[in-house]
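Written below as structure tokens is the structure these notes are about.
Source: prediction; values computed, not measured. We're numbering straight along the sequence, starting at 1.
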Amino acid sequence: MLTHKQVWEGIDRLAARNQLSASGLAKRAGLDPTTFNKSKRITKQGKPRWPSTESLAKILDATGASMREFVEMMQGGGEGAATPLQRLRCVSLADAEGGACFDASGFPVAGPWEEVDFPLVDDEQAYAIELDRDVLPPVYRSGDLVVVSPAGSIRRGDRVVVQLADGGFLFAVLARRTAQRVVVAELAGGEERALGLEEIAWIARVVWVSQ
């Protein structure tokens with residue numbers, strides 16, 4: 001007999017196999033983004049809350065997984081469990097904007113951070129920004145997780161995320177960097193944009209983007 005914990009672990013593994021957070025998986029299936037939130041897995045009275053069969057059917061259809069595969073994931077086997085996972089801190093782009101979630105170097109501080117299981121990126125400092133809207137479709141779309149390495153070195157040609165001094169975010173490619181400015185290019189190879197250091201709060205390398 002499958003337990004409440006196994007069913008939810010199966011959902012988390014299915015999300016991780018598709019490089020999504022639980023809320024990203026819900027969005028892909030056409031469900032409310034909070035459907036699979038950890039806070040909704042237990043009622044206010046402390047009783048287990050089970051996902052509906054309709055929700056399960058929708059996430060299987062959205063990911064192309066079979067019921068057999070999902071049962072294997074619930075039981076700790078199958079392709080989803082074979083992928084080494086890492087627990088990452090995660091914040092939505094809307095919550096990240098404004099700067100309160102990061103220090104001056106782009107490392108997480110207090111804020112509405114959650115945790116997600118994600119394929120191993122082998123970086124203890126890495127975290128994820130979940131896009132709650134299309135940023136640069138089709139490259140960065142709503143529901144994608146942008147995994148950021150604030151401690152990683154940045155070289156020309158790397159994808160980067162820049163938090164601007166006004167709190168906004170810019171996703172781009174590093175073109176060049178001097179002592180006075182940072183020049184970035186659009187992801188699709190478009191126009192370059194020069195930013196003075198006073199315009200930048202911090203810049204960090206993007207190491208993975210879910211699709």
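Put simply, the side chain of Arg205 gets close to the backbone of Ser153: a donor and an acceptor are under 3.5 Å apart. Asn37 places no side-chain N or O within 3.5 Å of a backbone atom of Ser39 that could act as its donor or acceptor partner. Under a 3.5 Å cut-off, the side chain of Asp123 and the backbone N or O of Ser149 do not form any donor-acceptor pair. Proximity of a side-chain donor or acceptor of Thr3 to a complementary backbone N or O of Gln6 within less than 3.5 Å is detected. When atom types are taken as modelled, the side chain of Arg156 and the backbone of Ala175 share a donor-acceptor pair closer than 3.5 angstrom.
In this structure Thr35 satisfies the side chain to side chain contact (heavy atoms under 4.5 Å, CB included) test together with Ala26, Leu31, Asp32, Ser55, sequence neighbours excluded. Shown here are the ring pair (Phe, Tyr, Trp, His ring centres under 6.0 Å) partners of Phe70, two or more places apart in sequence or in another chain: there are none. Judged as a side chain to side chain donor-acceptor pair (under 3.5 Å), and not counting sequence neighbours, Glu199 has no contacts. Contacts of Asp103 classified as side chain to side chain donor-acceptor pair (under 3.5 Å), with partners at least two apart in sequence or in another chain: none. Annotation: side chain to side chain donor-acceptor pair (under 3.5 Å) contacts of Thr63 (sequence neighbours excluded): none. Residues forming a side chain to side chain donor-acceptor pair (under 3.5 Å) with Ser142 (at least two apart in sequence, or on another chain): none.
Counting heavy atoms from C-beta on, the side chains of Trp8 and Arg13 never come closer than 4.5 Å. Looking at Leu20 and Leu145, their side chains never come closer than 4.5 Å, going by heavy atoms from C-beta outward. Val135 has its side chain out of reach of Arg141: every pair of non-hydrogen atoms, C-beta onward, lies at least 4.5 Å apart. At a threshold of 4.5 Å between non-hydrogen side-chain atoms, the residues Ile11 and Leu25 count as touching. Using a 4.5 Å cut-off on side-chain heavy atoms (C-beta onward), Leu195 and Val183 make no contact. The shortest distance between side-chain heavy atoms of Val173 and Asp158 does not fall below 4.5 Å. Side chains of Arg28 and Asn18 form a contact here, defined as non-hydrogen atoms less than 4.5 Å apart. Annotation: side chain of Arg49 is not in contact with side chain of Arg41 (no heavy-atom distance under 4.5 Å).
Val206 and Leu93 end up in the same hydrophobic cluster when Ile, Leu, Val, Met, Phe, Trp and Tyr side chains are linked at under 4.5 Å. Under a hydrophobic clustering in which Ile, Leu, Val, Met, Phe, Trp and Tyr are joined whenever their side-chain heavy atoms come within less than 4.5 Å, directly or via other members, Leu131 and Leu170 fall into different clusters. In the hydrophobic clustering of this structure, Leu174 does not group with Phe171; members are Ile, Leu, Val, Met, Phe, Trp, Tyr whose side-chain heavy atoms approach within less than 4.5 Å, directly or through other members. Cluster membership check: Val71 shares its hydrophobic cluster with Ile59, using side-chain heavy-atom separations under 4.5 Å among Ile, Leu, Val, Met, Phe, Trp and Tyr. Under a hydrophobic-cluster definition in which Ile, Leu, Val, Met, Phe, Trp and Tyr are linked whenever side-chain heavy atoms come within less than 4.5 Å, directly or via other members, Val160 and Val147 are assigned to different clusters.
When all heavy atoms of Ala100 and Val109 are compared, the pair lying nearest together is O-CG2, 3.3 Å. Considering every non-hydrogen atom in both Ala204 and Val148, the closest pair reads CB-CG1, 3.5 Å. What you find for Ala29 and Ala62 is that their closest heavy atoms are CA-CB, 3.8 Å. Nearest heavy atoms, Ala65 versus Arg17: CB-NH2, 3.4 Å. When all heavy atoms of Ala96 and Val91 are compared, the closest pair comes out as CB-CG1, 4.1 Å. What you find for Ala165 and Glu198 is that their closest heavy atoms are CB-O, 3.6 Å.
At a threshold of 4.0 Å, the pair Lys38-Asp12 counts as salt-bridged, since one of the basic side-chain nitrogens sits closer than that to a carboxylate oxygen. Using a cutoff of 4.0 Å between basic side-chain nitrogens and carboxylate oxygens, Glu192 and Arg181 are not scored as salt-bridged.
Aromatic ring orientation, Trp202 versus Phe169: perpendicular (interplanar angle above 60°, classes split at 30° and 60°).
Between the CH2 atom in Trp50 and the CG atom in Leu56 there is a gap of 10.5 Å [rounded to 0.5 Å]. A distance of 11.0 Å separates CE in Met74 from CD in Glu9, rounded to the nearest 0.5 Å. Residue Glu97 holds its CD atom at 10.0 Å from CG of Leu164, rounded to the nearest 0.5 Å. The CZ atom of Arg193 sits 10.0 Å away from atom CD of Glu186, with the distance rounded to the nearest 0.5 Å. Considering CD1 of Ile42 and NE2 of His4, their distance stands at 4.5 Å, rounded to 0.5 Å. One distance of note links CD1 of Ile129 with OG of Ser92; it measures 9.5 Å at 0.5 Å rounding.
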Step-by-step side-chain contact (heavy atoms from CB on, under 4.5 Å) determination, Leu197 to Val182: CA-CA 7 Å; Leu197 297 185; Val182 172; 4.3 Å; yes

Leu60 and Met67: CA distance, side-chain angles, deciding distance, side-chain contact (heavy atoms from CB on, under 4.5 Å) verdict: CA-CA 7 Å; Leu60 294 181; Met67 178 56 75; 3.7 Å; yes

Candidate pair Tyr140 and Arg133, rule side-chain contact (heavy atoms from CB on, under 4.5 Å), full reasoning: CA-CA 9 Å; Tyr140 290 171; Arg133 60 183 183 273; over 6 Å; no

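There is a side-chain donor-acceptor pair under 3.5 Å between Ser21 and Glu130.
A ring-centre distance under 6.0 Å is not found for Trp113 and Phe107.
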